[in-house]
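Since the structure comes first, as structure tokens, the remarks are kept for the end.
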Amino acid sequence: MKKIRKIDSVEMFVVRIPLVKPFETSFSIQTHREALLLKIISDDVCGWGECVTSPDPYYCYETNATASHIIQDFLISILTATNNFTIEEVLQQFEKIRGHHMAKAAVENALMDLLARKYEIPLFELIGGQSKKIMSGISIGIQEDIEDLLESIQNACDKKYHRIKIKIKKDKDIEILQMVRSAFPSINLMVDANSDYTIEDLPVLKRMDAFNLMMIEQPLSHDDIYFHALLQKQIHTPVCLDESIKSLNDAKTAVEMGSCRIINIKQGRVGGMTTSNKIQAHCMENNIKAWSGGMLETGIGRAFNIHLQTLPGFVLPGDTSETARYFNEDIVDKPVVLQPDGFIEIPKGPGIGVNVLPESLNRFKVFYKKIL
Ligand code: OSB
Ligand code: MG
């Protein structure tokens, strides 16, 4: 069992990086990625983690402020109270804190990177994955103008993205899908509603069956599992859950109830790589397809998502896009780029394989605190 001896230092940063274009969903318009980062050092080895929270609680209840509170006032004290520990042991202790999976994931991620670097292996090896090319996927925000949407889809096709997801919301759905499908009859297409509908909207959700979509992601409430099961029984298009799955137990419940045929595993949302690994294994055993979601992560979180997809349950392309799709400049040394066939290479080297650039970190930094 790979162990960490003792935590020597913990630092927290918040960086605020402008997006190349605002990103609109049914719940917000984002112009920047404001990311809370953790740097943990043990025996001169350093690991980085990124928290997938935002400043606001519109995607889920956690925010940068709640994560900062939970990390500083609870999680780090658990870490410093033990020596010679495995990550599983730490996670077991984290369980006494209810929820706050994003805060927990940030700490777990930093420990994962640190542990892989300590043993000089790439992160995918630490989690038991197989080296391979990673599929790409792009998530296109809600566009004011249909021409802009069609152009973004064309650009994504030209880059050979393996699947295209478009954000929808009530009254910005059927008409848009008709236009997209007539312009692009055969692309791998899916939609993400970010919880904008209720079961009363069944008629409109049924109409989406006409568009040969790979799936409808999170149509109903962010905390619902029951009504998604009713919905899945009445539509042909696979339902994919995102917001509703915050833990292994949620995934088991959804599978048991038939609430979805696909799960979007965001490692940052479910508490980290370890839980994601368990969820993908559970999906495989139950014929549920999984893919890796994104939260507009910087190069740090993006690298974790890439390594995660070396596990066999990740059978569908995820929201893993090029760095340049979101940022002109990032805080790590290796941007994510698409190969001519649309695949992504795992960054080489120990740990997550990318390194934080101190100068860029400093330039985008809006907050810093030495916690330990
Ligand atoms: O619902 O998947 C989502 C971004 C922020 C919050 C929620 C979601 C998203 C995305 C973009 O769809 C995913 C990405 O490219 O990182
Ligand atoms: Mg989603």
Side-chain angles (χ1 to χ4, degrees), residues 17 19-36 50-64 101-102 105 134-143 149 152 155-156 159 161-169 189-197 213-224 228 238-246 250 254 260 262-270 290-306 308-309 316-327 330 335-336 338 344:
I17 313 179
L19 299 180
V20 290
K21 285 200 299 198
F23 185 74
E24 181 172 349
T25 59
S26 63
F27 62 87
S28 81
I29 302 179
Q30 247 178 288
T31 58
H32 290 74
R33 165 79 180 129
E34 198 169 311
L36 191 154
E50 172 171 351
C51 192
V52 299
T53 46
S54 329
D56 52 63
Y58 304 147
Y59 169 83
C60 86
Y61 67 87
E62 291 189 79
T63 65
N64 287 351
H101 304 279
M102 293 181 173
I134 305 302
M135 289 179 284
S136 63
I138 191 166
S139 173
I140 301 176
I142 294 170
Q143 308 290 314
L149 177 61
S152 300
N155 290 341
K159 288 203 162 254
Y161 273 103
H162 295 128
R163 73 100 170 95
I164 292 167
K165 151 168 149 183
I166 60 176
K167 294 285 190 179
I168 56 164
K169 61 179 178 183
L189 183 69
M190 60 169 287
V191 293
D192 186 358
N194 287 110
S195 300
D196 208 42
Y197 301 84
L213 300 173
M214 296 170 79
M215 70 197 86
I216 303 179
E217 182 178 349
Q218 196 70 35
L220 310 181
S221 177
H222 67 96
D223 54 0
D224 171 76
H228 280 99
V239 170
C240 168
L241 290 178
D242 171 358
E243 282 90 330
S244 296
I245 308 298
K246 294 183 176 69
D250 287 342
C260 60
I262 301 175
I263 294 182
N264 167 349
I265 304 178
K266 285 182 185 166
Q267 62 88 18
R269 186 197 63 227
V270 301
W291 55 276
S292 159
M295 292 289 285
L296 315 184
E297 288 94 339
T298 74
I300 298 174
R302 211 164 281 276
F304 280 95
N305 296 342
I306 289 172
L308 184 66
Q309 291 173 76
L316 291 173
D319 279 339
T320 316
S321 53
E322 288 196 309
T323 301
R325 181 256 174 283
Y326 288 118
F327 308 114
D330 195 357
V336 176
L338 258 54
I344 292 167

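Counting starts at 1 for both ligands and their atoms, following the listed order. Below, each value reflects all heavy atoms present in this structure, side chains not excepted, and no hydrogens, waters or symmetry copies. None of the values given here were measured: they were computed from a predicted structure.
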Check: L241 and N264 side chains under 4.5 Å, non-hydrogen atoms: no

Between V52 and E297, is there a side-chain heavy-atom distance shorter than 4.5 Å? yes

Decide yes or no for I306 and V336: does some side-chain heavy atom of the first lie under 4.5 Å from some side-chain heavy atom of the second? yes

Looking only at distances, please establish whether an N/O atom of ligand 1 is found under 3.5 Å from an N/O atom of K266. yes

Are any non-hydrogen side-chain atoms of R163 and L316 less than 4.5 angstrom apart? no

Shortest protein contact, atom 13 (C) of ligand 1 (heavy atom only): G294 O, 3.2 Å

Could you tell me which N, O or S atom of D242 is nearest to the Mg ion (ligand 2)? OD2

Heteroatom proximity flag, Y326 to ligand 1, N/O under 3.5 Å: yes

SG of C240 to CD1 of I216, rounded to nearest 0.5 Å, is 10.5 Å

Under 4.5 Å between any side-chain heavy atoms of T25 and S28, yes or no? yes

Any idea which atoms of ligand 1 are less than 4.0 Å away from a heavy-atom of E217? 2 (O)

Ligand-side contact atoms (ligand 1) for residue partner D242, heavy atom cut-off under 4.0 Å: 1 (O), 2 (O), 3 (C)

For N194, the ligand 1 atoms with a heavy-atom partner under 4.0 Å come out as 1 (O), 3 (C)

Donor-acceptor contact below 3.5 Å, side chain D224 vs main chain L220: no

Side chain or backbone, does M295 bring an N or O within less than 3.5 Å of an N or O on ligand 1? yes

Which of the atoms in ligand 1, numbered in the order shown and given with their element, are less than 4.0 Å from a heavy-atom of S139? 10 (C), 11 (C), 12 (O)

Any N/O/S atom, side chain or main chain, of D192 closer to the Mg ion (ligand 2) than 2.8 Å? yes

Backbone N or O of N194 within a donor-acceptor pair of the S26 side chain at under 3.5 Å? yes

Taking the N/O/S atoms of E217 one by one, which is nearest to the Mg ion (ligand 2)? OE2

Specify whether an N/O/S atom of E243 falls short of 2.8 Å from the Mg ion (ligand 2). no

Looking at I29, is its backbone amide N or carbonyl O close enough to the side chain of E24 to form a donor-acceptor pair, meaning the two atoms are under 3.5 Å apart? no

Identity and distance of the protein heavy atom lying nearest atom 4 (C) of ligand 1: F23 CE2, 3.7 Å

Would D192 count as a polar contact of ligand 1, with the cut-off being nitrogen or oxygen pairs under 3.5 Å? yes

Judged by non-hydrogen atoms, does K167 sit under 4.0 Å from ligand 1? yes

Is there a donor-acceptor contact under 3.5 Å from the side chain of S195 to the main chain of H222? yes

re atom 16 (O) of ligand 1, the protein heavy-atom contact at minimum distance is L296 N, 2.8 Å

Once the angle between the rings of Y326 and F23 is folded into 0 to 90°, is it parallel (under 30°), tilted (30 to 60°) or perpendicular (over 60°)? perpendicular

Ligand 1 contacted by R325 (non-hydrogen, < 4.0 Å): no

